[in-house]
There are 2 protein chains.
Amino acid sequence: MTVWDRPDPPARPAPLDRERIVAAAVELADEGGLPAVSLRKVAARLDAGPMRLYGYIATKEELFDLMVDAVHAEILPERSPGDWREALRGRAHRTRQATLRHEWLADLLGGRPALGPNALAVGESTLAAFDGLADIGTVQRAVETVSAYVTGAIRREIANLRAERATGLSTSDWQRASGPHLTRMLATGRYPALARLVHEGTEVDAEATFTTGLEWVLDAVAAKLAPPA
Amino acid sequence: MTVWDRPDPPARPAPLDRERIVAAAVELADEGGLPAVSLRKVAARLDAGPMRLYGYIATKEELFDLMVDAVHAEILPERSPGDWREALRGRAHRTRQATLRHEWLADLLGGRPALGPNALAVGESTLAAFDGLADIGTVQRAVETVSAYVTGAIRREIANLRAERATGLSTSDWQRASGPHLTRMLATGRYPALARLVHEGTEVDAEATFTTGLEWVLDAVAAKLAPPA
DNA sequence: GCTCATGTCGATACACTGTATCGACAGATG
DNA sequence: CATCTGTCGATACAGTGTATCGACATGAGC
């Protein structure tokens, strides 16, 4: 047997751990959205067989939970927020920014209870900013109301972004009846208020839209924390 | 050839139309969630081959769009809402009710622009209630802010419902650290505010939760429609 | 009536998915 | 050395969305 004929030694299995798995999955999702995340593909990124992933997760859904928690690390504040309003505002904006970096998060936001360490830390940081300000029920209502708004607003923004990308048109263009379907529907005369809105509405920057709605909801919370005498 | 040997005449293809397809898909989704909706299964419900569906839809995603629009028929108000607040409130509650009847709607809410006839009619009805009340931008902000809240709140409610169902525990029980994972996490002492909330929080009826948040957001809108002098 | 063109349909196929299963192999233990 | 245990990759299975193609029915024209 010459040295050229000698078979390679059995390769050691690639190192595998939860962090690597999640990072590979996030990478795939960032490239192609959630449909691009298959266990085979994740494993291939790690030079492993797909069944190895089952040592770390029981189902693909758990992998998605881990991915959501990983992104929550990007949502954690760098320092303690000053007050409750800053805490909620900051969290909302960081969530939006994280979602713009990882669009697939919009597909998962609010879909499952987020119980990972990073998500819990985000929740803790938010709650801590309300310390002593109101009864527990009001605090809970406040946090959940803002959080609900954030979830819904981000989903809509990403949905519009995708529609825009799919049609090659800008948001205002396709909203302004450039899409043949909506043009036809509005031409029926059955939706006069909608037609007026589409025709007269001005394009508002997505961030400004998000921020305005957020401030409105924060105002509502403020009114409940310090109810008028 | 005797009559017993005579083959049956070729069966006429089952009648197929968009409504039937959507109804079958909604039925399947109501029974098993979105994962239960496969084109094969939908077609089987209609005694057709799956490829026939492609005469009506281009992708499975379009089928989901049609399903969402079908449910919007249940969200349309039966009569003209009295005022803007009633319009938004009614729409929110009907959306929640529709989602409780069709849980899968929570998975699709806000995920794609809703442009079907029913969804447009819902939008039209809502906008009409603001007629003459404010400039178009403010109206749009108002409708979208409430809608964002509704989307997020419903998603959270359904997520909790599913978690409850998966663990066999009630919402407050599993939030109250009955789940081993959350128990362990809270026992670390890293989340004191969260622990306090879980420990001291009282169970609030899901509908009351939804309604309280909704009224807060509606209050915020009211403040913008009639700004203080 | 016959022929041809067109449209519809179902069967088959393909590439892919999540996940179950099993044999091979390495390492640890006695 | 023999046995046991754990890990791993290959294989398999059932299922998915969607492409493709042959069979068949129908309509139009002659």
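Computed from a prediction, not measured in an experiment: that's the story for all the values here. Every chain is numbered from 1 and lettered A, B, ... according to where its sequence line falls, protein lines coming before strand lines.
The closest side-chain heavy-atom distance from B:T211 to B:H93 is below 4.5 Å. Two residues are said to be in side-chain contact when any heavy atoms from C-beta on lie closer than 4.5 Å; B:L34 and B:L108 meet this criterion.
Remark: B:R45 engages B:E27 in a salt bridge, criterion side-chain N to carboxylate O under 4.0 Å. Classification of A:R165 and A:E103 as a salt-bridged pair holds, one side-chain N sitting under 4.0 Å from a carboxylate O. A salt bridge does not link A:D65 with A:K60: every distance from a Lys NZ or Arg NE/NH1/NH2 to an Asp or Glu carboxylate oxygen is 4.0 Å or more.
Listed candidates were C:dT17, C:dT19, D:dT18. Nearest to the side chain of A:K41 is C:dT17. Minimum atom distance to the side chain of B:K60 is reached by D:dT16, of the listed D:dA10, C:dG18, D:dT16.
For C:dG18, the base has a donor-acceptor partner in the side chain of A:R40 [N/O atoms by modelled type, under 3.5 angstrom].
Near DNA chain C, defined here as any heavy-atom distance below 4.0 Å, the residues from residues 31-38 of chain A are A:V37, A:S38, listed numerically. Only at 4.0 angstrom or more do the heavy atoms of residues 20-29 of chain B sit from any atom of DNA chain C, so none qualifies.
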I'd like to know whether A:R112 forms a side-chain contact (heavy atoms from CB on, under 4.5 Å) with A:V68, so could you lay out the CA-CA distance, the side-chain angles of the two residues, the decisive distance to 0.1 Å, and finally the verdict. CA-CA 10 Å; A:R112 302 250 296 167; A:V68 168; over 6 Å; no

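Between the side chains of A:T126 and A:R91, at least one donor N or O lies within less than 3.5 Å of an accepting N or O. Side chains of A:E74 and A:H102: a donor on one and an acceptor on the other come within 3.5 Å.
Rounded to whole angstrom, the span from the CG atom of A:L39 across to the P atom of D:dA10 amounts to 16 Å. Nucleotide D:dG17 holds its C1' atom 11 Å from the CG atom of B:L53, rounded to whole Å. Across the protein-nucleic acid pair, B:D47 atom CG and C:dA11 atom P stand 12 Å apart, rounded to whole Å. One interatomic measurement links the two molecules: CE of B:M51 to C1' of D:dC21, which rounds to 11 Å at whole-angstrom precision. We find that CZ of B:R52 is positioned 22 Å from P of D:dC21, with the value rounded to whole Å. Taking atom CD1 on A:I57 and atom C1' on C:dG18, their separation rounds to 10 Å, with Å as the unit.
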Just distance, no hydrogens or angles: give the donor-acceptor pairs under 3.5 Å from side chains in residues 146-153 of chain B, sequence neighbours left out.
unit_1: B:Y149; atom_1: OH; unit_2: B:F210; atom_2: O; d: 2.9
unit_1: B:Y149; atom_1: OH; unit_2: B:L214; atom_2: N; d: 3.4
unit_1: B:T151; atom_1: OG1; unit_2: B:S147; atom_2: O; d: 3.1

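Dashed line: the shortest gap from a side-chain N or O of B:Y54 to OP1 or OP2 of D:dA19 is not under 4.0 Å.
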